[in-house]
Amino acid sequence: MRFTLYFLSFVSLLLIVGLSQSCERDAYIEGRALYNEYCANCHQEDGSGLAALYPPLTKSTFVDGDLTGLACMIKNGRQGQSTIDGIRYTQQMPPIEKLTPIAITNIANYISKEWGSEHYTTLQSVRDELDGCPNQ
Amino acid sequence: MVNRVFVFLCCLILLASCTSSGDDFFCEIPDEFPIIGIPTIDSVKQDDGNIQLVETAPTIIDFELYAQDGSTINNDFLRGKYYVADFFFANCPSICPPIKRHQLIFRDQVDEAFEETIYFVSHTLDAKRDSVAALKIYAEQLGADQKNWLFLTGSSRTIYDLAKSYVIPAAINENAPGGIDHGGQLVFVDKQGHIRAFADGTNPDSVDCLLEKMKAFIETDN
């Protein structure tokens, strides 16, 4: 009886430690990893951008809106200028052609969750959008 | 007995659940800031006919380039100034943005700490695209204090030779991000053009290490 009690407390402790560690992980671990690899150099890990060179994602209309156009931009980059929050940005954004639609979906959902309106996109809608990118 | 085993196991699990605090950075720059590089040794014939060996510390090669305001910059301009040199290009998508961010932070702290002028000298490795005008826009968009921060362009050959002189690897490579492979070091140069220290510009701890050691060095160097 006493042994069972010890055994049960032991298992509960294991569960508590295990759960508390796994709960620290967020659901966007793949998106975060991809973002940090491909996007964070310019847009920073906290999405704040760099001065007037690289725009923040926190106030970007693409992240704050319904994510339309985001998939094409991640895949094909962006030329020309854009004005975000009153600041004019002219640096070109390089294309990242090797990203798959799944990777783009993960990145889009991660940045939307972190800094946007938490509007989520699906793999299908990313695929549909990539089929109709303007400069393809 | 069961009691002890139980307590021991519980402690073990709690200990194992602690996460490690990560790697500690070790600041490797020596306090005395030795001149880096191989000195040249010349034999000089004395008046009495004896030969004497004279050792000359290495300096940065002669160059002439253009700053973002169009002015000509050469060794004479930099003589008598401490400066931190680096190599970058405006379309570099990999290591340059974090390095520039660390330089901005560094720059702010230098201004607080010194009355004396310390320059930043950033050389573009992409002179074709980074014209004087393009670098002017880049400097403005970065928010750099352009009084003390030069963005240099000019002959590609001069710039790549200069990179060698600063011991920074740089090469055109179409497989590299942005088409150019290069090192992200910041190079601290003294008033006579001697290399005195390097920092890894991509690592904020290394940049901090250079800043702290540099402050102490400059205070005693005059």
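All of these numbers come straight from a predicted model, not from anything done at the bench. The basis for the numbers below is simple: all heavy atoms, side chains too, and nothing from hydrogens, waters or symmetry mates. In what follows, every chain begins at residue 1, and chains take the letters A, B, ... in the order their sequences are listed.
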Any disulfide (SG to SG under 2.5 Å) involving residues 148-212 of chain B? Give me the pairs, sequence neighbours left out, ordered by first then second residue.
->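 Residue pairs with at least one partner in residues 148-212 of chain B: B:Cys27-B:Cys209.
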If the contact rule is any heavy atom under 4.5 Å from chain A, which residues of residues 169-182 of chain B qualify, in numerical order?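 Within residues 169-182 of chain B, near chain A: nothing under 4.5 Å.
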Legend entry - Quiz item: cation-pi between B:Arg196 and B:Phe217, 6.0 Å / 45°: no
Do B:Lys81 and B:Tyr119 meet the cation-pi criteria used here (NZ or CZ under 6.0 Å from the six-membered ring centre, within 45° of the axis)? yes
ask   = If you measure from the Lys or Arg side-chain nitrogens to the Asp or Glu carboxylate oxygens, is any gap between B:Asp31 and B:Lys213 under 4.0 Å?
value = yes
B:Asn74 and B:Phe63 have their tightest heavy-atom pair at CB-O, 3.1 Å
Check your understanding: Which class fits the ring pair B:Trp149 and B:Phe120: parallel under 30°, tilted 30 to 60°, perpendicular over 60°?
Key ->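 Geometry flag for B:Phe120 against B:Trp149: tilted rings.
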When the ring planes of A:Trp115 and A:Tyr110 are compared, do they come out parallel, tilted or perpendicular, using 30° and 60° as the limits? perpendicular
- Compute whether any side-chain donor of one residue and acceptor of the other, for B:Ser206 and B:Asp200, lie under 3.5 angstrom apart.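 There is no such pair (donor and acceptor under 3.5 Å, judged by atom type) between the side chains of B:Ser206 and B:Asp200.
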- Query: Does any donor atom in the side chain of B:Gln146 or B:Asp69 lie under 3.5 Å from an acceptor atom in the other side chain?
  - Reply: no
- prompt: For A:Tyr38, is it the side chain, the backbone, both, or neither that has a heavy atom closer than 4.5 Å to a heavy atom of chain B?
  reply: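 Interface part for A:Tyr38: neither.
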Tell me if the OH atom of B:Tyr166 is crowded by more than 12 foreign heavy atoms within 6.0 Å.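 Yes, the 6.0 Å shell around OH holds more than 12 heavy atoms from other groups.
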Using a heavy-atom distance cut-off of less than 4.5 Å, which residues of residues 40-53 of chain A contact chain B?
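Expected list: A:Asn41, A:Cys42, A:Gln44, A:Leu50, A:Ala51, A:Ala52, A:Leu53.
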For residues 92-109 of chain A against chain B, heavy atoms under 4.5 Å, the residues are A:Gln92, A:Pro94
**Prompt:** Looking at B:Phe33 versus B:Phe188, is the centre-to-centre ring distance below 6.0 Å?
**Reply:** yes
_Counting only non-hydrogen atoms closer than 4.5 Å, does B:Ile137 touch chain A with its backbone (N, CA, C, O), its side chain (CB onward), both, or neither?_
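Side chain of B:Ile137 only, per the 4.5 Å heavy-atom cut-off to chain A.
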